[in-house]
Enquirer: 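I'd like to ask some things about the structure below.
Here is how names work: the chains are called A, B, and so on, in the same order as the sequence lines, proteins then strands, and each is numbered from 1. Owing to the predicted nature of the structure, the values given are computational and were not obtained by experimental measurement. Just so you know, these numbers use all the heavy atoms, side chains as well, and skip hydrogens, waters and symmetry mates.
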Protein chains: 2
Amino acid sequence: MSLRHAILGLLERQPSTGYELARRFDLSLATAWHASHSQIYPELSKLEAAGLVEVVARGARQSKTYALTESGRDELRRWLVEETPDRSQRNEGALRLFLGQLLDPGDRQAVFERDLDYIEEQTEQLRALQSVLEPGEPFAAQVDLGLRINAVLAAWLAEQVEQPGPDGEHDGRGPAR
Amino acid sequence: MSLRHAILGLLERQPSTGYELARRFDLSLATAWHASHSQIYPELSKLEAAGLVEVVARGARQSKTYALTESGRDELRRWLVEETPDRSQRNEGALRLFLGQLLDPGDRQAVFERDLDYIEEQTEQLRALQSVLEPGEPFAAQVDLGLRINAVLAAWLAEQVEQPGPDGEHDGRGPAR
DNA sequence: GATTGACATGTTGATCTCGACACGTCAATC
DNA sequence: GATTGACGTGTCGAGATCAACATGTCAATC
């Protein structure tokens with residue numbers, strides 16, 4: 001149940017409303033986890049019932065700002081340190097990088113160029129983020145990691161586009177058009 | 001619905017039984033997608049009903065070997081080339097790399113060392129796989145990409161372990177023990 | 001001849017996740 | 001004064017996913 005701990009992690013950095021959490025999932029945490037508000041609000045209720053978070057402020061528009069309780073901080077640390085990570089993955093982008101090799105060179109080139117555009121866009125956003133972070137800032141290292149991985153991906157994709165490589169296992173029966 | 005296309009992609013490379021698909025998900029496709037047999041069997045039935053796969057052989061123990069139909073190949077290509085990729089992520093490992101920064105230096109070091117061990121293990125498996133693949137083989141490039149990303153991760157983790165860095169936003173209230 | 005372990009297929013109930021529906025507020029612009 | 005758009009919270013139904021349950025086969029070893 002990583003959603004729970006993703007929320008705890010976001011609240012540990014900064015108390016927030018459910019609405020703000022939904023935005024933060026797609027900003028700072030976009031490359032690690034995603035959740036929509038229809039999942040966030042019920043989970044906040046459960047977390048409050050479990051005593052891991054509490055409402056620390058009520059603002060305009062019935063807004064409730066949540067923050068971690070002591071026991072929420074304990075649980076977050078326990079999960080990070082003691083629980084064995086679930087390494088199983090479900091990543092559509094990675095799946096497409098794998099299966100792209102099944103396409104004929106023309107299709108593959110088009111698909112990988114689209115991916116390359118996406119990576120370059122992401123890289124610019126990360127660079128913009130990096131420029132407003134001080135080097136010592138808590139999450140500067142994570143931004144740096146994102147940039148390094150994007151650089152590897154961009155280089156690999158560029159190679160794939162330039163050297164179309166083998167035609168896979170085709171012999172004319174494959175998904176080649 | 002990526003599970004469907006992951007199965008189509010695996011079958012495009014090699015006709016298989018449901019049981020074999022379950023193993024292949026955790027071998028060649030482990031870093032991209034995971035599915036257990038309780039999800040694979042019903043999906044194969046749906047794919048057969050939709051005419052995207054067909055039973056091409058029946059063996060011992062009621063085994064059924066599935067292969068792509070012409071329309072299955074069309075669908076796989078259509079998905080790869082025409083459908084907009086879903087870039088949203090849910091990756092517990094990445095989440096932990098982010099949230100690790102909230103821990104105190106001692107905990108963080110322990111957690112990142114555990115991750116480093118895991119990456120090194122994965123790297124060895126990839127290297128073993130690489131050594132049995134010919135350079136021109138269809139998926140040699142993907143193995144190479146995996147190795148490059150692992151190298152970046154390993155370097156980053158080693159830096160984090162050596163230079164504990166900032167203590168996050170702690171001031172003694174965080175999940176630090 | 002019995003046991004063990006890999007092979008093989010299926011179902012069921014619980015939980016996770018998403019898109020769509022639904023309601024309401026506040027500030028700024030027209 | 002009306003409209004618009006961001007803010008804000010919630011529910012519901014459908015589909016995705018997993019762990020557990022359930023059943024049976026075949027080959028090799030003891």
Enquirer: Any salt bridge between R127(A) and E124(A), counting N to O under 4.0 Å?
Expert: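 A salt bridge is absent here (no side-chain N lies under 4.0 Å from a carboxylate O).
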Enquirer: Under 4.0 Å: is that the gap between some side-chain N or O of R90(A) and OP1 or OP2 of dC18(D)?
Expert: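 Yes.
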Enquirer: Which whole-number value in Å describes the distance from F25(B) CZ to dA16(D) P?
Expert: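 One finds 14 Å between P of dA16(D) and CZ of F25(B), rounded.
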Enquirer: Should R73(B) and E70(B) count as an ion pair when the cut-off is N to O under 4.0 Å?
Expert: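 Yes.
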Enquirer: Could you tell me whether the phosphate oxygens of dT15(C), OP1 or OP2, come under 4.0 Å of any side-chain nitrogen or oxygen in K46(A)?
Expert: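 It does not, given that no N or O in the side chain of K46(A) lies less than 4.0 Å from OP1 or OP2 of dT15(C).
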Enquirer: Rounded to the Å, how far apart are R4(B) CZ and dT17(D) P?
Expert: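 It is 12 Å, rounded to the nearest whole Å.
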Enquirer: On DNA chain C, check which nucleotide each of G18(B) and M1(A) is closest to and give me the residue with the more 5' one.
Expert: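 Per heavy-atom nearest nucleotide, the more 5' residue is G18(B).
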Enquirer: Return no unless some side-chain N or O of Q62(B) is found under 4.0 Å from OP1 or OP2 of dT9(C).
Expert: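 No, no such contact exists.
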Enquirer: Could you tell me the separation between the CG atom of L3(B) and the C1' atom of dT17(C), rounded to a whole number of Å?
Expert: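 In whole Å, dT17(C) C1' and L3(B) CG are 15 Å from each other.
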Enquirer: Select from H37(B) and R61(A) the residue whose nearest nucleotide in DNA chain C is closer to the 5' end of that strand.
Expert: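 On the 5' side of the pair lies H37(B).
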Enquirer: Between Y66(A) (OH) and dG10(D) (C1'), how many Å, whole number?
Expert: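 Roughly 11 Å, once rounded to whole Å.
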Enquirer: Output yes when D86(B) and R96(A) qualify as a salt bridge under the 4.0 Å nitrogen-oxygen rule, no when they do not.
Expert: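 No, this pair does not count.
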Enquirer: Using a 6.0 Å cut-off, check whether atom CZ of R58(A) has over 12 heavy atoms from anything other than its own residue.
Expert: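 For R58(A), atom CZ is not crowded (no more than 12 foreign heavy atoms under 6.0 Å).
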Enquirer: Might you work through the salt bridge (charged side-chain N to carboxylate O under 4.0 Å, His left out) test for R148(A) and E159(B), ending with a clear yes or no?
Expert: CA-CA 13 Å; R148(A) 293 188 204 177; E159(B) 287 169 26; 2.9 Å; yes
Enquirer: OP1 or OP2 of dT9(D) versus the side-chain N and O atoms of Y19(A): is any pair under 4.0 Å?
Expert: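 Indeed not, no polar side-chain atom of Y19(A) lies that close.
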Enquirer: So S38(A), base contact, sugar-phosphate only, or nothing? Heavy-atom distance under 4.0 Å.
Expert: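 Counting heavy atoms under 4.0 Å across all strands, the contact made by S38(A) includes a base.
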Enquirer: At under 4.0 Å, does any side-chain N or O of S36(A) touch on OP1 or OP2 of dC18(C)?
Expert: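 It does, given that an N or O in the side chain of S36(A) lies less than 4.0 Å from OP1 or OP2 of dC18(C).
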Enquirer: Could you tell me the separation between the CZ atom of R24(B) and the P atom of dA8(C), rounded to a whole number of Å?
Expert: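 Atom CZ in R24(B) sits about 13 Å away from atom P in dA8(C).
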Enquirer: What integer distance in Å separates Q39(B):CD from dT17(C):P?
Expert: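 For the pair Q39(B) CD and dT17(C) P, the rounded distance is 13 Å.
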Enquirer: Indicate whether OP1 or OP2 belonging to dC7(D) is found under 4.0 Å from a side-chain N or O atom of K64(A).
Expert: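 Indeed not, no polar side-chain atom of K64(A) lies that close.
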Enquirer: If I take atom CZ in residue R58(A) and atom P in nucleotide dT9(D), what distance separates them, rounded to the nearest angstrom?
Expert: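 Interatomic distance, CZ of R58(A) to P of dT9(D): 10 Å.
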Enquirer: OP1 or OP2 of dC7(D) less than 4.0 angstrom from a side-chain nitrogen or oxygen of R23(A), does that happen here?
Expert: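 For R23(A), the contact criterion (side-chain N or O under 4.0 Å from OP1 or OP2 of dC7(D)) is met.
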Enquirer: Look at Y41(A) and dT9(D) and indicate whether a side-chain polar atom (N or O) is within less than 4.0 Å of OP1 or OP2.
Expert: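 So the side-chain polar atoms of Y41(A) do come within 4.0 Å of the phosphate oxygens OP1 or OP2 of dT9(D), strictly under.
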Enquirer: According to the Watson-Crick and G-U wobble definitions, with both distances under 3.5 Å, which nucleotide is paired to dC30(C)?
Expert: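 Per the H-bond distance test, dG1(D).
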Enquirer: Starting from P on dG10(D), measure out to CG on L44(A) and report it in whole angstrom.
Expert: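 In whole Å, dG10(D) P and L44(A) CG are 8 Å from each other.
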